[in-house]
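Right, one structure below, let's go through it.
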Amino acid sequence: MSSLTLYNYDLDDSCYRVRLLLSLLGLQYKTIAIDMQPGREQEQPHMLAINPAGTLPILSDGDLTLSGAEAILAYLARAYDPSGQWLPLDPARYGLLQQWLGFAGHQLFAAVIARQQALFTPNGAKPQTISDARRALRIIDDHMTLQQIRGFEFVIAEQPTIADVALIASFALSRDFGLDHDEFPALRRWLRRFRKLDGFITMPGIPDYH
């Protein structure tokens with residue numbers, strides 16, 4: 001029986017990143033549902049005892065507890081992907097992967113905030129937050145345009161890595177805060193290709209282009 005437990009909120013895109021990789025790796029796990037919205041349960045004392053930062057997702061594996069989507073993705077790939085595809089250790093690819101994980105956790109976080117504002121606040125997403133999210137997605141779109149010209153379908157090279165998992169959710173869900181996916185043709189192609197991977201799972205808000 002798996003010892004993996006995910007503290008999860010179904011509509012949170014960071015939790016989705018972890019669920020997506022768990023599925024792509026074919027791993028069995030159990031979930032503990034957390035009332036992130038509107039209850040903000042992740043900030044209550046019993047949850048702060050697990051993760052003092054008061055955020056989701058949280059993953060436990062035996063005696064290990066991790067928080068933060070990027071850290072969890074790296075752990076799962078290192079621990080459960082013996083092929084090394086999802087977390088390549090070649091120095092150049094590893095460096096690029098870390099660069100994009102950092103981008104996901106910083107510049108792209110505006111997309112996470114914009115979606116939360118759009119879904120869970122009465123006034124919706126703030127224009128500046130949407131602008132910041134669009135700028136971050138434009139950077140990824142430009143990168144993926146170059147990748148596709150080089151003959152690569154994914155962020156690092158010819159195979160998907162956790163960099164793709166960390167980045168793709170925010171684009172896939174960006175229509176929730178009003179972005180038109182026609183603005184990002186390279187990202188549309190990337191998402192279409194990613195959806196075909198064995199183990200891909202979707203969530204409300206992710207389009208299926210026809």
Side-chain angles (χ1 to χ4, degrees), residues 1-8 10 12-32 56-108 112 137 139-141 143-173 186-203 206 208-209:
M1 183 176 178
S2 174
S3 63
L4 291 167
T5 300
L6 175 64
Y7 294 79
N8 175 67
D10 278 347
D12 178 58
D13 44 352
S14 294
C15 292
Y16 168 68
R17 289 168 168 84
V18 177
R19 297 197 308 271
L20 178 56
L21 184 61
L22 286 163
S23 182
L24 291 165
L25 292 174
L27 297 175
Q28 299 296 314
Y29 65 99
K30 68 177 182 178
T31 59
I32 296 177
L56 293 178
I58 303 167
L59 182 85
S60 67
D61 189 5
D63 293 333
L64 176 68
T65 300
L66 289 172
S67 63
E70 292 80 21
I72 293 170
L73 295 179
Y75 169 73
L76 289 172
R78 190 74 178 95
Y80 292 102
D81 174 29
S83 75
Q85 173 193 319
W86 292 97
L87 182 62
L89 296 182
D90 167 78
R93 292 188 179 188
Y94 183 79
L96 289 168
L97 185 145
Q98 291 297 332
Q99 171 184 298
W100 285 110
L101 288 184
F103 187 92
H106 293 89
Q107 289 93 332
L108 194 57
V112 175
L137 290 170
I139 290 171
I140 307 172
D141 189 74
H143 171 72
M144 290 306 301
T145 298
L146 291 174
Q147 285 292 86
Q148 290 160 11
I149 290 171
R150 296 175 184 130
F152 298 141
E153 295 285 354
F154 300 103
V155 171
I156 304 299
E158 67 280 358
Q159 290 183 305
T161 68
I162 59 171
D164 296 270
V165 179
L167 296 170
I168 205 163
S170 286
F171 169 67
L173 294 163
L187 298 191
R188 283 178 58 99
R189 177 174 174 175
W190 176 46
L191 178 57
R192 188 180 294 113
R193 176 68 184 85
F194 202 89
R195 289 188 66 108
K196 296 177 181 178
L197 296 175
D198 289 341
F200 178 85
I201 56 172
T202 190
M203 69 171 281
I206 295 180
D208 184 6
Y209 307 125

Report yes if some heavy atom in the side chain of [X] is under 4.5 Å from a heavy atom in the side chain of [Y]; otherwise report no.
{"X": "Ser170", "Y": "Asp13", "answer": "yes"}
{"X": "Met144", "Y": "Leu187", "answer": "yes"}
{"X": "Asp141", "Y": "Trp190", "answer": "no"}
{"X": "Asp208", "Y": "Thr202", "answer": "no"}
{"X": "Leu4", "Y": "Leu76", "answer": "yes"}
{"X": "Arg195", "Y": "Ile168", "answer": "no"}
{"X": "Leu173", "Y": "Ile206", "answer": "yes"}

Salt bridge Arg193-Glu158, side-chain N to carboxylate O under 4.0 Å |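 Looking at Arg193 and Glu158, the cut-off is not met.
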Basic-acidic side-chain contact under 4.0 Å: Arg189, Glu153 =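 Salt bridge present between Arg189 and Glu153.
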Gap between atom [atom2] of [Y] and atom [atom1] of [X] - 0.5 Å precision:
{"X": "Asp164", "Y": "Leu73", "atom1": "CG", "atom2": "CG", "value": "11.0 Å"}
{"X": "Ile162", "Y": "Trp86", "atom1": "CD1", "atom2": "CH2", "value": "9.5 Å"}
{"X": "Gln159", "Y": "Ser83", "atom1": "CD", "atom2": "OG", "value": "7.5 Å"}
{"X": "Ser60", "Y": "Ile72", "atom1": "OG", "atom2": "CD1", "value": "9.5 Å"}
{"X": "Asp12", "Y": "Arg19", "atom1": "CG", "atom2": "CZ", "value": "8.0 Å"}
{"X": "Gln148", "Y": "Phe154", "atom1": "CD", "atom2": "CZ", "value": "10.0 Å"}

Would Ile139 and Gln107 satisfy side-chain contact (heavy atoms from CB on, under 4.5 Å), going step by step from the backbone distance to the final call?
-> CA-CA 10 Å; Ile139 290 171; Gln107 289 93 332; 5.7 Å; no
Which atom pair, heavy atoms only, marks the closest approach of [X] to [Y]?
{"X": "Thr5", "Y": "Lys30", "answer": "OG1-CE, 3.0 Å"}
{"X": "Val18", "Y": "Ala69", "answer": "CG2-CA, 4.3 Å"}
{"X": "Ser3", "Y": "Gly62", "answer": "OG-N, 3.6 Å"}
{"X": "Cys15", "Y": "Asn8", "answer": "CB-OD1, 3.3 Å"}
{"X": "Pro160", "Y": "Leu197", "answer": "CG-CD1, 3.8 Å"}
{"X": "Ser23", "Y": "Ile201", "answer": "OG-CG2, 3.4 Å"}

Does one side chain, of Tyr80 or Asp61, offer a donor that lies under 3.5 Å from an acceptor on the other?
->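 There is such a pair (donor and acceptor under 3.5 Å, judged by atom type) between the side chains of Tyr80 and Asp61.
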Would you say Tyr94 has more than 12 foreign heavy atoms packed within less than 6.0 Å of its OH?
-> no
Give the C-alpha distance, both sets of side-chain angles, the deciding distance and a yes or no for side-chain contact (heavy atoms from CB on, under 4.5 Å) between Tyr29 and Leu59.
-> CA-CA 10 Å; Tyr29 65 99; Leu59 182 85; 5.9 Å; no
Taking it one step at a time, do Leu108 and Leu137 satisfy side-chain contact (heavy atoms from CB on, under 4.5 Å)?
-> CA-CA 7 Å; Leu108 194 57; Leu137 290 170; 3.8 Å; yes
When the ring planes of Trp100 and His143 are compared, do they come out parallel, tilted or perpendicular, using 30° and 60° as the limits?
-> tilted
Ignoring hydrogens and geometry, is there a side-chain-to-backbone donor-acceptor pair from Ser67 to Ile58 under 3.5 Å?
->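 Side chain of Ser67 to backbone of Ile58, a donor-acceptor pair under 3.5 Å: no, none is there.
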Decide side-chain contact (heavy atoms from CB on, under 4.5 Å) for Arg17 and Leu20; before the verdict, give the C-alpha distance in whole Å, the side-chain angles of both, and the deciding distance to 0.1 Å.
-> CA-CA 5 Å; Arg17 289 168 168 84; Leu20 178 56; 5.7 Å; no
